[in-house]
Amino acid sequence: MEYPGQDTVGLRKRQQQLAKHNTASILDINAGDTDPLLFHDEKHRTGLRGGPGGPSSRYNRGLLPRTKQEWAIPVILTLLALFTRLYKISWANFVVWDEAHFGKFAGHYLKRTFYFDVHPPLGKMINGLAGFVGGFNGTFEFESGTEYPPELHYSVMRVFNALFGAAMVPIAYFTGLELHLSIPAATLMAVMVLFDVALTCISRFILLDSMLLFFTTTSVFCLCRFRNLQIAAPFSRDWWIWIFATGISLGAVASVKWVGLFAIALVGLHTVQELWEMLGDLKMPPAQYANHWMARIAALIVTPIAVYIMSFAIHFAILNESGPGDAQMSSLFQAGLQGNDFDRNPIELAYGSRVSLKNNGHGGGLLHSHVQRYPTGSEQQQVTCYHHKDTNNIWTITKAWGQENVTDPGGVDFVKDGDVLRLVHTATGRNLHSHPVKAPITTSQNEVSCYGNATVGDANDLWKVEIVDDVFDKKTTRVKSLTTRFRLRHNLSGCLLRSHSVSLPQWGFKQAEVVCQKKGDPDSLNHMWNIESHRHDKLPAGGKGAYRSKFSKDFLDLNVAMWTSNNALTPDPDKEPDQLTSAPYQWPFLLVGLRMCGWGDSAIKYWLIGNPIVWWGSTASIGVFLAIVGVYAIRSRRRYRDWDAPGAWEDFWFTGQLGFVGWLLHYAPFWIMGRVTYLHHYFPALYFAIIIFAFVADHIGSKLPRVIHVLLITFLGLLVIANFIYFKDFAWGFKTPAEGYRGRRWVQNWNIVD
Amino acid sequence: MLSTEMPPPPATTAAFNSQTANAVGSPARSRKSNKPLKVTRQDASSGPEDETAPLLRVDAATDSLPPAFVPLESNAYSTVKGLSKPIAEAQPPSYLSEVGPATSHAGIVIGLTVLALVVRLFQISNPSEVVFDEVHFGGFAAKYINGTFFMDVHPPLGKMMIAASGYFAGFDGTFDFKEIGKDYIAARVPYISMRLLPGILGCLIVPMSYLTMRNLRASTASSVMTALMIAFDNALAAQSRLILLDSILVFFTALSVQMWTRFQSVKNRPFTLRWWTSLALSGAAIGLAASVKWVGLFVIAWVGFSTVKYLWDLLGNTSVNAITFFKHFATLALCLIVVPAAIYMAAFRVHFAMLPKIGSGTGFMSPEFQSTLKGSEIKEAYAEVGFGARVMIRHENTQGGYIHSHKHYYPTGSKQQQITLYPYADANSLLRILPALEFENETSTSPPVTEFRQIKHGDIIRLEHDATNMRLHSHDQRPPVTDVKGNFEVTGYGAPGFMGDSNDHWQVELYDYKPEKPYLTALQKFRLLHVNTGCALFSHPVKLPEWGFGQQEVLCASNGKKSLTTWRIDSNENQFQPKTSVKVGYKRPSFLDKFIESHRLMWRINSGLDGTHPFQSRPQSWPVLARTISFWSSKTGPEKMHLIGNPIVWAAALGALAAYAAAEAVGAVLWKRRMVTAAGVLSGATRSAGLLFIGWLLHYAPFFLMGRQLFLHHYLPSLYFSILLAGVLFDGITRRAGQPAQWTLAIVVVVIVAYVFTRFAPLTYARPMSKDACMSLKWRKSWDWECK
C-alpha cells in the first residue's frame, strides 16, 4: 500500500521483476489476462511484457477502436444516448423550469442587451447560438410556463443541449477504457450515464447543466488520456495535444458554471502529486523536470484562465446595448453601452444637481435610501447600496447649513474639490447623515442614515467632497459626471462614506450595507464614488463622451458582483423552504425529486428524479470503495502483498483517487455553502460516483472467476436499464394524472403525488 | 542483523515517529508458513529509552525470510548517496544517550515554581477594579454562589473553580462585576483570592513546561530556558493574573501535553504502571481542558491524532497479534474517550446541581428546562381548553416567551397597539379566548360564553388581551421590522363598544391533528391561521427597536416556517372549567436532555457572537502580535493593562514554526531525491518538533474557520506549543556544541527575554510609567495604547 508522497518507483520495479518469479498474482486478472472479451486491444493485452512506461504498454493505447467489433459498443451507446435525449424533445411546447432564465439570457445575446446573472457566460452564449440557429430573435420573454410562440424553434435550442448530454455517454465509455477498466465495466459506466433518468431529463431542456456535465466528462477523459501518455510517452505530440485539451476543457467547464472550479481543483491535486512523484525520479534531468512544470503551468493554469477570460471578452463584445444588468457594472462601462441616457448628463456637478452616486468598489451599487428605518442603532431611515435603478437613488446636491443663500440666483454654482455640502434624498427630503452610532452589521464603524428634512438638521449632515482623479483630466477641481472619482468625508468626524459587499438582513431587503468608515483607507475603491446619472435644471446635456472602460476592471467588477449575488442567494430563515430546494444530505440517497413544471392532471409533466439503482448504487459503492481501501491498508500494514502485477496498484490508486476525490470535491463544498441548493447540484458529483461504481464492480469482479465477473457486470447493467424503463416517463414527460405513478413513489418524501 | 525496520517512512510523516516501516516492499510475512516471526522483547530496564526503538525487535538471525528479499532491500538503499550501510542498522542520534533517565529535577522544579510565583503573582491585587472579562467570569462566580441559573458559551468547569475560590474566600455573591473599572475594595470582594486560582495555575505551567521538555528529551539547559521563556511571557503572565478562564485552560492544556509526552516516552513499555498512569492522566487532563473551554477539544484532537498514529504503528508490527492489538485499542479508548467524556459530563452535572434557581439564563431555555428551576413561573395548567379561558400562549421554537401586549403603539403601519413576545409571564400576557363573531344583517354580535365548550381543531376563535381588552388582529399592513412581501402586521385592536371585525378571527390548527383527538389541550402544539388572509401567527428571533422595548416581533406570515408558527398554551384558567379537569405540566427533562439542550444553545450563542469589538482580531494577526487587547485603564492615572506578548518570545516561537516548516519541506524534497534517508530526517528533535508543530496547528488553524468574534488570547494555547517547539529546536541545534556552550546560549536568551519582559511589565502589571517609557514601547504601529 502506498500513500501520496511516497515514491517507491525503484522498489516497484524490482517487485515487478520479482513478481515474474513468483506466481503470487493468480488473483489478479490483469496479470495473465488475455481474454479479448474483457480487454480491448492487443497492446493492452501484451502490455504486461513491457511494463509501465514501456513502448508498447496499455498506457499508450490508441485513442480510437480499430476493428468493427470494437466500434460496435460505442456506436450503439451513442445511438441509444441520442434516442433517450432526443425522444419527444419538443413535446412540451411551453417554458419548462429554468428555461425561464436560460432561454431569456439566450434572448439577451440575440438582442445584444446587457444582462446580469450569477453564472459565467459560456453556456449561456452556446444557448444564444442555439437560439440564433433556431431563428429566435430574442423578443420572447420566456415567462415560466408560457407557451412557445410558433416562430420560436425551441426544439432546436433543446437539441443543442441534448447533444451535449448525449455526448457524455461515449465519453464515459472511452474514459472507462482510459482507466483500464474491462470492456464490460467501461460499458457499465456508460450505461449508467446513459440510463440515468435525471441525467437524461436535465439534458433535454434549455439549461446549463448538460454543458456543465459534458465539459466535466471531457475534462476527466482528457486527464485520464493525458495521464496514460505521461506514463508512456511524455512530451510526445499526443502528450502535448492532451495536456492542452485538458486545459481547454477545464477552462470551458469553469466558464459554464463555477462548479467547474472543482474539476480544476481535482486536476490540480493530481498534477501536484504527479510533479511530486517526478521529483523522486532521480534519472530525470532537471531541465526535463522544469519542462514538465512549464508545460503544466501553460496548459493547466494559463490555458483555463485564458478560456475563462475569453468567454467574458466575447460576452462583453456581444452585449453592447444597455439592458437590465447595467446597474451591476461601473458607470463608465455603462456609458460605453448603447441605448442609455447618459448623454443627457450635464458634465459638471453643481448645487441643485439631482444625481445618483455609484460606488467604485467591485460590484458596488448606487447610494440608496427608502422610507424603511433601521431596527437597530439610531432607528433612522435606512441608507443602502442597491443595484436597481429607481428614484430612491436620486440625491440633490445642496449647500451646507447656513450657506443656502450664498448662491447667485441667476448663476450656477459648481461643486469644487473640498466643498462641504449636504446630500438630500430627493424622494423623502431627508439629509444623508452619519453619527457615532454602531452600523447595523459592521458594528465597529459608524452608521449612515437619512435624517431631518429641509429645515431640520445638524452638522452631522455635512459631507466634504474630496476629488481623487478624473479619467480625462487628472487635475480637475470640479466633479464631472461619470469620469471623476471622489470620496465623501463626513465633515464632523472625518470618517469616509463606504459601501461594501456585506448584505443587510431581510429588513434591509438584502441590499448592501453603507457605513462611515473611521480611519478609512483613502485608496480603497470602496470609499470612492462617482456621479452616474445627473440632471440639473440650468445645465445643458453633456452629450456622448468617448468613454471606454478597461476590460480588466469590467471583468473583475462582474465577477465580484456574481460572487456577491451568489452568496446572497440564501434561504430565508423565516420561510418554509420551497419544494424545489433540497439539502445536500438528501442527494446521494435520492431522498428528493423535483417537479420541473406545473402539476395539473392534463399538463405535460417532468419530474427530476435519479435512477435509484444508479444513485443508491453509486453512493453505496463509495462506502465499498473506502472499505476496500481500508482492508488493503490493513493488509499491507500486516505485510500481505496484494499488488504484484505491474501497474495494478498505480491504476487502482489513480482511478480510486480520481473517482473519490472528484466526488468529494464536487459534493462536500455544498455542505458549507450558505446558498440555496437544488438536486441538480449533485449531478457532477454523481458522474464521479458512477466512475467509482464501475471501478469497484470491476475490481471485485476481477477477483472472481471470469464468467461471474462478466455476469455480475451484465446483471448490474440490466438492473440499471430495467429501472430506466420503469422511470422513463419522468424524463420523457407524461400527460396522465400523476396519481397513476403513485406506485413509483419509493421514498416517502418523493413528491410525485401530493 | 536485520530488523523489521525496513524502508523509511516518508519525511512528510516525520511528525510522528513511525516505529515500523511501511509495508511496501518490506520483507513480508512468509507466505509459505504464516507462523509469526520469532521475536525477543527488548529489555525494558536497559539504559535510556530510545524513541526509535521498535516495540519489539525481530531477531533476524532466527527469521526465515525468503532470501530473495534480502538483496532487494539492501540494494534499494545501497544506492542512496552517502549511505553506505543498510538503513536498518542506522543508529539513533547519539545525543539521546547523553540524557540520563528522568532523575530528580526537584531542585530545578522548585526553583522555577518559586520564580514563576514571584513573576506572576507580583502585586496581583493591582488593579483593584474589575478588569476586562472579569465582568463575565466574576459575574458567573457570583451566580454560582447565589445558585441562579445563567447561560454561557463555555463549559462550566473553569467557572465553577473560580466560584469555589470565591466561595472559600468568603465572597457572598452580592457584587455584580457589572462593568470594567468597578471598584472591588469598597465592595469588599475577595478578588485577590479569586485571582489567585488562575494565578497559581498559571505559575504551574512554568515547571510543567520544564518537565515536558524533559519528556521530549531536551537537555536541562534547553528545558530551563523554555520554562523561563514561558515564565517571562507578558501575555501568559497578564492572562493569569485575572479572573479569566484562559489561564485555567492553558494549565490543563499544558497538563495534557505533559501527560501525553510522558506517555510517549514510555510507549514501548506497554501496560507498565507508568504507561497506565500516563495514559489515564492524559485522558483526565484532556477532559478537564475541554470542560473549561471548547478550545480544549483541540488538545483532544491532538492526542487523538497521535493515538491513531500509535495504533497504526502497532498494526504494522507483525509480531503483535490481534488480541494484543485490541487490548491496546480498548485501553486507549477507555482512557482517552471514556474518561474525558465522563469528566466533561460530570462537570455539567455539577453545574446544573449548583444552579437550582431561576436567573438570567432562564429565558434562553425551553419551558421543560425552566420548569426544573426553583422559582419558575411555569406551573401546571388544566388540560382541556375551553372558550372563555384565560390563557398564556408560548411561542414554541424561539425562547421569546408569551404573546404579550401593552398600552404602546406601533409607530409605523396601522399605529395600533403593539403585540410582542415577552419571556416573562405577567398580567400583560393573559389572553381570553372568545368565540368568533356572528354576522347577521350587517351587524355582528359576540356570542356569550355560558358553559364549558372545548376548543377543537378547525374552530375559529378570537383572542382578547385581558389587560387592555384589545383583540389580536391582523390586516393588510406590513409588519414593523420584517417588512417583506407576504408578511402582515399583527396588532391589538378594539375600542369600547366596538365589536371588532373578521380580521380578529383566527383558526386553530392542531400541529399533529388526528381525527380521534380533535381537541386543543394545554401544552399541545398548534398554529393560529388568520382567517381573512390565510397567514399564520408567527414570531422569530428579531427584536423590535426601542419603541417596542427590544421585545420580539410578532407578525402574520403567509409562508412562515412551520416551526416558527407553532404555539403552546401553558397557563389556562376558566371559570367554567369542569371539576373533572386534570392539570398537566411540562415533562421534566433528564440530565441528558438538559445536557443536549445546553449544548445546542451554547453552539448557537457561540456562532452568534458576530458583533465587532474594537480590540478583536483575526487569527492571521496573532502569531505576529499585530494587535493587543486593552484590558483596563485607570480613570485617573496613566496606569493601564494591555494583553501583549513578550515580543522576543513570540518572535522566537514564530521563527521556530517557520524554521520547522521550512526544514520539513526541504527534508521532504531531499528525501524524495534520496539525498537523505528517512532516518536522517527523523532525528529525535524533529520528531518531538513534529508533535509540537501539529499541536500548534490544531490549536490555531481551526480559528480561521470561525466567523465569530476572536481575540488575541485565543492564541495562548497555540503559543504554548510553539514556545516548546522553539525550545526543542534550540536543543536540537545547540546540543552538539556541548553543555557549557548550551548553557551559555540559554542564559543569554533568558537574559534578553527577561529584560524585554520588564520593559513591558508596566502594561502587564498595570503599573504607572512615564509617557516616554510608554511611547518607547510602541514597537509596532498597530499597538495603539494611549500614553498619558
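Basis for what follows: all heavy atoms, side chains included, without hydrogens, waters or symmetry-related copies. A note on names: the letters A, B, ... follow the listed sequences, proteins ahead of strands, and every chain is numbered from 1.
The shortest heavy-atom contact between A:N392 and A:H368 is CB-CE1, 3.4 Å.
Using a 4.5 Å cut-off between heavy atoms, A:Q372 contacts chain B through its side chain alone, with no backbone atom that close. In this structure, the portions of A:S444 lying under 4.5 Å from any heavy atom of chain B include both its backbone and its side chain. B:Q616 does not touch chain A: none of its heavy atoms, backbone or side chain, sits under 4.5 Å away. There is no contact between A:I672 and chain B, counting heavy-atom distances below 4.5 Å. Of the two parts of B:V542, neither the backbone nor the side chain holds a non-hydrogen atom closer than 4.5 Å to a non-hydrogen atom of chain A.
Interface summary for chain A: among B:T482, B:T412, B:V669, B:T565, the most heavy-atom pairs under 4.5 angstrom belong to B:V669.
Interatomic distance, B:C556 SG to B:N487 CG, rounded to the nearest 0.5 Å: 8.5 Å.
At least one side-chain heavy atom of B:D483 sits less than 4.5 Å from a side-chain heavy atom of A:F509.
A donor-acceptor pair shorter than 3.5 Å can be found between the side chains of A:Q511 and A:T384.
Figure legend: B:K561 and B:F538 shown without cation-pi pairing, the cationic atom not lying both under 6.0 angstrom from the six-membered ring centre and within 45 degrees of its axis.
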